[in-house]
Amino acid sequence: MANAAKRFEVIPGQPRPQIAFTDVTLQLGGKTIIENLSLGVRPGEFLCVVGASGCGKTTALRLAAGLYQPTSGRVDFDGQLMLHPRREIAIVFQDYGKALLPWRTAAGNVSLALEAGGMPAAERPARIEELLRTVGLPGHAGKYPAEMSGGMQQRLQIARCLAQEPKTLLMDEPFGALDAMTRQGLQDEVLALVAASGATVIFVTHDLDEAIYLGDRVIGLLPHPGRIGIELAVNLPRPRDQLSTREHPEFLRLRRQLFDFIKAAEQ
Amino acid sequence: MNRNATVWLWRAASFAVAASFIALWQLIANLKLVSPVFLPGPDRAWTSLVRGFSNGDLGNKLAGTLEHMAYGWLAASIAGIAIGAIIGSSRIMRTYVAPSLEFLRPLPVSAIIPVAIAMLGLTQAMALFVIAFGAIWPIMLATIHGFAAVEPRLYEVARSLQMSRLAVIFKVALPSASPDILAGMRLSLTVALILSVVCEILAGLDGLGHWVLLSARAFRSADLFAGVILLGLTGYVTSVAMSMAEHRLLAWQAAQR
């Protein structure tokens, strides 16, 4: 305990972690989902979390969002104990179809976040238009989510999250339900958006290539109960490129290491 | 184009059926298969309808019934949605209160009428209470269901946006439950009409129910039928209006289908 706590004390010259898990254990229904998880995410870092299904990736993300409270240990955001979800932390859910309001148009869905942030009604339309343009949905403001493709709905959800002007963006397998081409396009767009906003990102995925392609750091979780099994720093040049980055020797080395880890974890 | 033509063909067919029923009715009346004292032909019923409206009697009665129906239904809607929202949005409330509701719901409203008369007398207040009590169930149960079925993910979105409780109700839960609520309100409309007539008959309140009762007692069968036709029309028109309102309010649902 003392050991883990020390890891996140402010070290001179090192920024305080924006999100810090200290010895976090979570039990749900008598089952230990996550055990003794300690983890710090630096401001502006892009952290990817991978692992076999059932290893607690999504649960860890929900703890980071404040949607769950740990059974023991603590989660801090900007040095403050996280007691509830907050507007500075936006979540992009995997099931975009359920996370959007079907009775509101694209503009209305983005507006929800602006309304929650207390933006005056007169200022909203311009901001909505700007956000929809940012995520590549100009001219779709009047469409209902059901009239949009999966990729467009996920863009819309990202637009709503950006409307929160988040310090931290949590993404739960956001592209898991999309086809390969749409997914690659959105990966690059997310990288560009994050680079522009400077937000910290925790990105959960089961796609190892995606994790290495996007992240500054990749963490692999082990299941039953969820704990950290591997931690890899990704020292690949930015901006990343779908072709050259994926052919980089370092990319291939990390990919091999991560695959071996997942394979070993499944046995 | 082709689909349009089919729609019109069906519409024409349904009108033909209605017309032939009226023709059959006229035939039975003309042949005096049933005594004219009890069964007027559509011609006599129509004449009576026109006469009733031209001297203002029937118009007043219609207004009375519409008033009973509207007040009872509106009271039921407001109370039903409010109570349904409270029960539906809390799992604990659903667990504790739902069994009692299941006991009260199948209770015939007619059983409540003597209680209401004993407490409130043969008054407008009694009618309002009985109509509202009968019409509240479909609305309340639909609202409970609608609030219980709100996508949990949307509540998480609301939490992460730190929306206020009031904002969550009005921007998330209520719109999400609105298809259920409107369906319940449509069912209640019929209940409200039935109970308006019953209360008018029992308490002698001004309305079509009273008109029908008096006409029957005086063997004025044409007037009786005019009243019945008007009641049928009232039910039909209010239900069509409600459907149109539903269609407008739930336009977003069309995109989902």
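Naming convention: chains lettered A, B, ... in sequence-line order (proteins, then strands); numbering from 1 in each chain. Values below: every heavy atom of this structure, side chains too, minus hydrogens, waters and symmetry copies.
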Heavy-atom count around B:Met244 CE within 6.0 Å, excluding the residue itself: above 12?
no

To the nearest 0.5 Å, how far apart are CZ in B:Arg159 and CG in A:Leu67?
5.0 Å

Around B:His145, counting heavy atoms of other residues, nucleotides and ligands shown, do more than 12 lie under 6.0 Å from its NE2?
no

Determine the option with the most heavy-atom pairs under 4.5 angstrom with chain B, choosing from A:Ala65, A:Ala116, A:Ala99.
A:Ala99

Taking atom CD of A:Gln27 as the centre, report whether more than 12 heavy atoms of other residues, nucleotides or ligands fall under 6.0 Å from it.
yes

Proximal component of A:Ile89, with respect to chain B [non-hydrogen, under 4.5 Å]:
backbone

If you take all heavy atoms of A:Phe93 and B:Val157, which pair is closest and at what distance?
CE1-CG2, 3.8 Å

I need the minimum non-hydrogen distance between B:Ser160 and A:Pro85, along with the two atoms involved.
CA-CB, 3.7 Å

Looking at A:Arg86, A:Gln164, A:Gln157, which makes the most heavy-atom pairs under 4.5 Å with chain B?
A:Arg86

Please check if the number of heavy atoms outside B:Phe53 that lie under 6.0 Å from its CZ is greater than 12.
yes

With a 4.5 Å heavy-atom cut-off (strictly below), which parts of residues 69-96 of chain B touch chain A? List them by number.
none

Return the option, out of B:Glu156, B:Met163, B:Arg153, with the maximum number of heavy-atom pairs under 4.5 Å with chain A.
B:Arg153

Taking B:Glu151 for its side chain and A:Lys98 for its backbone only, find out whether a donor-acceptor pair lies under 3.5 Å.
no

From CG (B:Leu161) to CZ (A:Arg160), nearest 0.5 Å
6.5 Å

Where on B:Ser178 is there a heavy atom nearer than 4.5 Å to chain A: the side chain, the backbone, both, or neither?
neither

Exceeds 12 heavy-atom contacts within 6.0 angstrom, atom CD of A:Glu88
yes

